[in-house]
Amino acid sequence: MYKTLFNQRKALVFKQFTHKGWALFACLGRVVVIGVLSASTIEASTVAAKKPKAKSQQLIADPDTARTDKEMTLDDIEVTASRAPLALGQAARMVTVLTRDDIQAAPVQSVNDLLKYAAGVDVRQRGPLGAQTDISIRGGTQEQITILLNGINICDAQTGHNTFDLPCSLADIERIEILEGPAARVYGTSSMMGAINVVTKRGERKEERGKRIDLHLEGGSYGYISAASRISLSSLLFPLSSISANYSRSDGYSRSKAGHLNSDYEGFKTFFQTSLPSLFGEGSGVRFSAGLSTRGYGSNMFWSSKYDEQYEHTVKLFTALQSDIDAGSFHFQPNLYWNRSHDRFELLRGDESKVPYNRHRTDVLGANLNSWFDSPLGRTAFGGEVRREYITSTNLGEPMETPNGHYSHELGRTNLSFHLEHNIVMRRFTLSAGFMATSSHSTLHQESLRFYPGIDASLRLGERWKVYASYNESLRLPSFTELYYSVGGHKADKHLKPEELRAVECGIKYFAPRLTARVSAFHHHQRNTIDWVMDLTEDGEPKTGGEWRSVNLTKINTLGFEGEAILHASRFTLHFNYCYLHQQKGELPHLQSRYSLEYLRHKLTASLQLPLTEQLGFVVKYRFQDRMGTYTDTDGHVQAYRPYSVVDTRLTWQTDSYALYAEANNLFNAHYVDYGCVPQPGCWLVVGVRSNL
């Protein structure tokens with residue numbers, strides 16, 4: 001399922017020709033390698049990379065072999081592993097791509113569940129259906145990655161806990177790109193450990209143009225029901241337009257001591273997007289998208305082990321206006337976006353008389369420009385971004401002169417960043433190097449301009465092997481919660497410094513028609529790591545309970561290893577993924593960490609895709625996790641996390657017009673926790689139908 005795709009393109013090779021009938025090559029629907037051209041020249045590689053969206057315009061194809069026609073098509077996908085967009089096969093860094101077919105075949109109900117089977121990704125849930133999920137990469141925290149929707153940063157400045165509240169559903173998603181490792185020069189601040197880019201469908205394939213309605217209905221254990229619809233409209237004026245809606249609910253899998261529901265869930269999402277041809281000529285266009293997500297869920301003991309009827313309600317509004325402008329050798333991508341988030345937390349559900357609710361409203365307004373041009377020396381990208389983050393809250397920020405309704409505090413900050421990058425793409429060699437410069441300005445802090453460089457390189461050896469290496473630096477600004485949340489046993493420090501990271505990585509890939517494999521090793525050096533910690537000693541003696549404080553913790557060194565193997569047999573596909581992490585830090589035996597010191601030492605995933613008949617398919621997935629760190633249980637005792645294994649399965653009957661499926665999550669009813677005091681659900685059965693009209 002999680003195929004790390006390499007340069008898997010079949011090529012028709014013409015050794016001799018006498019006429020340059022390029023239209024003929026376009027009709028072939030294949031990338032054509034013309035044998036008499038010198039693939040070792042930079043000029044040829046520039047032509048190859050000039051417009052990766054159009055196969056017929058790519059004269060030089062990387063000769064890495066393909067396994068299937070599907071992967072041959074996927075190889076032309078543009079991925080954002082660098083500022084200058086390159087085809088997946090040309091990217092110097094490894095990007096894992098989850099395709100539309102992968103998503104539909106997986107036994108999952110949310111994007112959060114889908115990411116559990118990516119080896120370097122840590123998905124820590126406090127509730128099902130994505131109720132509250134923290135996602136991190138390579139031993140980092142949920143604050144240290146960037147989440148993007150169609151390339152737009154949708155990170156929540158209030159807290160990373162709400163960042164993955166996507167306004168679109170699984171039915172809207174075309175693919176998901178996962179970039180592991182620091183990516184500041186590509187995605188800006190907050191992409192300290194990596195980035196996840198969710199790309200929505202921009203319209204149906206040409207053969208599917210016109211009016212199209214997709215319907216999706218499923219139900220299962222614990223009163224779970226989900227209904228979704230998506231309507232695609234194509235016309236001359238609006239060639240790529242769609243609108244979708246999704247509603248989900250569940251009674252939850254647990255109750256409070258008083259017998260009330262405390263893990264129930266209810267959520268609604270709607271997403272609209274359209275595009276218009278641009279006045280700037282062919283290859284240009286304007287896209288508009290807007291989405292709304294609202295959800296409410298029982299929070300059990302998410303934030304305090306003393307109260308088991310907590311509740312949270314969030315609303316997220318997303319809007320973006322994006323454009324592509326071709327102007328000869330120059331290409332411009334200007335973007336405007338506005339995100340608004342509402343968050344209401346109830347420590348005592350439905351009762352504000354004893355403990356006031358925490359209410360927050362966050363607005364993020366941004367504009368960015370990414371530009372690039374081709375020259376005999378390669379492809380050069382440059383641009384910048386301005387991002388304004390503003391919060392009004394009951395307790396986050398500085399006191400307001402005049403309170404506004406529920407809100408009595410406010411804070412704003414402006415982040416400025418600039419980037420410059422150069423790419424050289426040859427037949428066997430790709431080099432991408434550049435830097436990001438950034439500064440931040442807020443009411444209390446004025447950060448000076450800082451530079452974060454990076455360089456990525458890859459080299460193909462023979463027809464089956466590729467090696468790559470990289471060095472990158474990145475940073476992450478503290479969230480508003482880390483700066484100001486000082487209630488309920490928490491004490492924040494508003495003078496926190498940004499986190500910083502230096503990382504090196506190297507790896508090797510092998511690809512053949514039936515076997516793909518890779519191994520990689522990396523080292524991270526973190527400075528000024530931000531975390532919430534509790535001191536477990538008092539006057540040198542052990543104690544239970546205490547106050548959580550936000551601190552710039554210490555320096556942390558992480559050594560990691562990842563391995564992957566995919567076997568494609570005639571009747572099945574077998575996929576293994578493994579990630580090992582080891583962190584070294586200063587002597588902190590007396591501190592209990594809430595996030596940064598709790599990482600997955602071992603994570604192993606395996607999947608088997610088995611087509612039983614032409615219409616009937618079977619998928620089984622296995623996941624083993626061993627987490628470091630401790631938590632305090634409801635009795636005040638410190639407990640170590642225990643390793644656990646989970647098995648998910650799905651059986652699907654698929655036709656051209658509909659699909660019927662049944663799936664089981666946590667098939668063997670394993671008992672485990674991702675966060676202390678919040679047990680995860682046992683076996684969860686789901687049946688569903690998906691149809692196309």
Side-chain angles (χ1 to χ4, degrees), residues 4-7 45 49 62 64 78-97 118-121 137-140 144-146 177-197 378-381 419-426 428-437 451-461 465-476 499-511 517-527 557-564 579-581:
T4 303
L5 300 173
F6 313 119
N7 302 331
S45 65
D62 191 306
D64 297 344
E78 285 187 2
V79 293
T80 43
S82 60
R83 283 288 185 178
L86 301 174
L88 180 61
Q90 297 170 328
R93 293 186 67 174
M94 183 196 72
V95 180
T96 300
V97 177
V121 179
I137 293 177
R138 290 185 172 178
Q144 295 174 338
I145 67 171
T146 296
E177 304 167 359
I178 304 172
L179 177 62
E180 298 183 26
R185 81 172 197 272
V186 182
Y187 293 115
T189 58
S190 78
S191 55
M192 183 170 163
M193 287 292 187
I196 298 174
N197 185 27
R379 171 172 285 186
T380 303
H419 65 268
L420 178 65
E421 181 185 82
H422 186 70
N423 294 266
I424 299 175
V425 184
M426 298 183 180
R428 295 180 178 272
F429 178 71
T430 299
L431 177 69
S432 177
F435 67 86
M436 181 198 70
F451 290 82
Y452 296 89
I455 182 170
D456 312 313
S458 67
L459 175 66
R460 191 179 62 82
L461 305 173
W465 299 88
K466 176 178 284 188
V467 295
Y468 67 93
S470 66
Y471 170 83
N472 286 280
E473 297 185 13
S474 61
L475 81 157
R476 200 269 296 183
E499 298 177 304
E500 294 182 315
L501 175 73
R502 296 175 180 174
V504 294
E505 180 177 359
C506 61
I508 187 169
K509 308 171 183 176
Y510 172 81
F511 34 95
R518 69 171 178 89
V519 293
S520 62
F522 52 89
H523 180 269
H524 294 169
H525 176 68
Q526 295 183 52
R527 296 176 296 176
N557 291 303
T558 302
L559 180 64
F561 165 85
E562 284 190 23
E564 179 185 47
C579 181
Y580 169 83
L581 297 175

To the nearest 0.5 Å, tell me how far [X] [atom1] sits from [Y] [atom2].
{"X": "R527", "Y": "N557", "atom1": "CZ", "atom2": "CG", "result": "11.5 Å"}
{"X": "F429", "Y": "S458", "atom1": "CZ", "atom2": "OG", "result": "7.5 Å"}
{"X": "I508", "Y": "L461", "atom1": "CD1", "atom2": "CG", "result": "6.5 Å"}
{"X": "H524", "Y": "L581", "atom1": "NE2", "atom2": "CG", "result": "9.0 Å"}
{"X": "C579", "Y": "E562", "atom1": "SG", "atom2": "CD", "result": "4.5 Å"}
{"X": "H523", "Y": "R502", "atom1": "NE2", "atom2": "CZ", "result": "12.0 Å"}

Any side-chain to backbone donor/acceptor pair from S520 onto G507? Under 3.5 Å, distance only.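 No: the side chain of S520 does not pair with the backbone of G507.
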Write down the atom of [X], the atom of [Y], and the distance for their closest heavy-atom approach.
{"X": "S191", "Y": "G188", "answer": "OG-O, 2.6 Å"}
{"X": "Y471", "Y": "E473", "answer": "OH-OE2, 2.5 Å"}
{"X": "F435", "Y": "A437", "answer": "CD1-N, 4.1 Å"}
{"X": "G563", "Y": "F561", "answer": "N-CE2, 4.1 Å"}
{"X": "I178", "Y": "A118", "answer": "CD1-CB, 4.0 Å"}

Can you find a heavy atom in the side chain of [X] that is under 4.5 Å from one in the side chain of [Y]?
{"X": "N472", "Y": "D456", "answer": "yes"}
{"X": "L475", "Y": "M436", "answer": "yes"}
{"X": "R185", "Y": "H419", "answer": "no"}

Let me know which of L179, T558, L501 forms a side-chain contact (heavy atoms from CB on, under 4.5 Å) with M193.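 Answer after filtering L179, T558, L501: L501.
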Please identify each residue that fulfils side chain to side chain contact (heavy atoms under 4.5 Å, CB included) with T380, with sequence neighbours left out.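 With sequence neighbours excluded, T380 shows a side chain to side chain contact (heavy atoms under 4.5 Å, CB included) to F373, L420, H422, given in chain and number order.
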Residues which pass side-chain hydrogen bond (donor to acceptor under 3.5 Å, both in side chains) with E499, listed by chain and number, not counting sequence neighbours: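 So E499 forms a side-chain hydrogen bond (donor to acceptor under 3.5 Å, both in side chains) with Q144, R476.
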Which residues satisfy the ring pair (Phe, Tyr, Trp, His ring centres under 6.0 Å) test with Y468, sequence neighbours excluded?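 Scan of Y468 (ring pair (Phe, Tyr, Trp, His ring centres under 6.0 Å), adjacent residues dropped) gives none.
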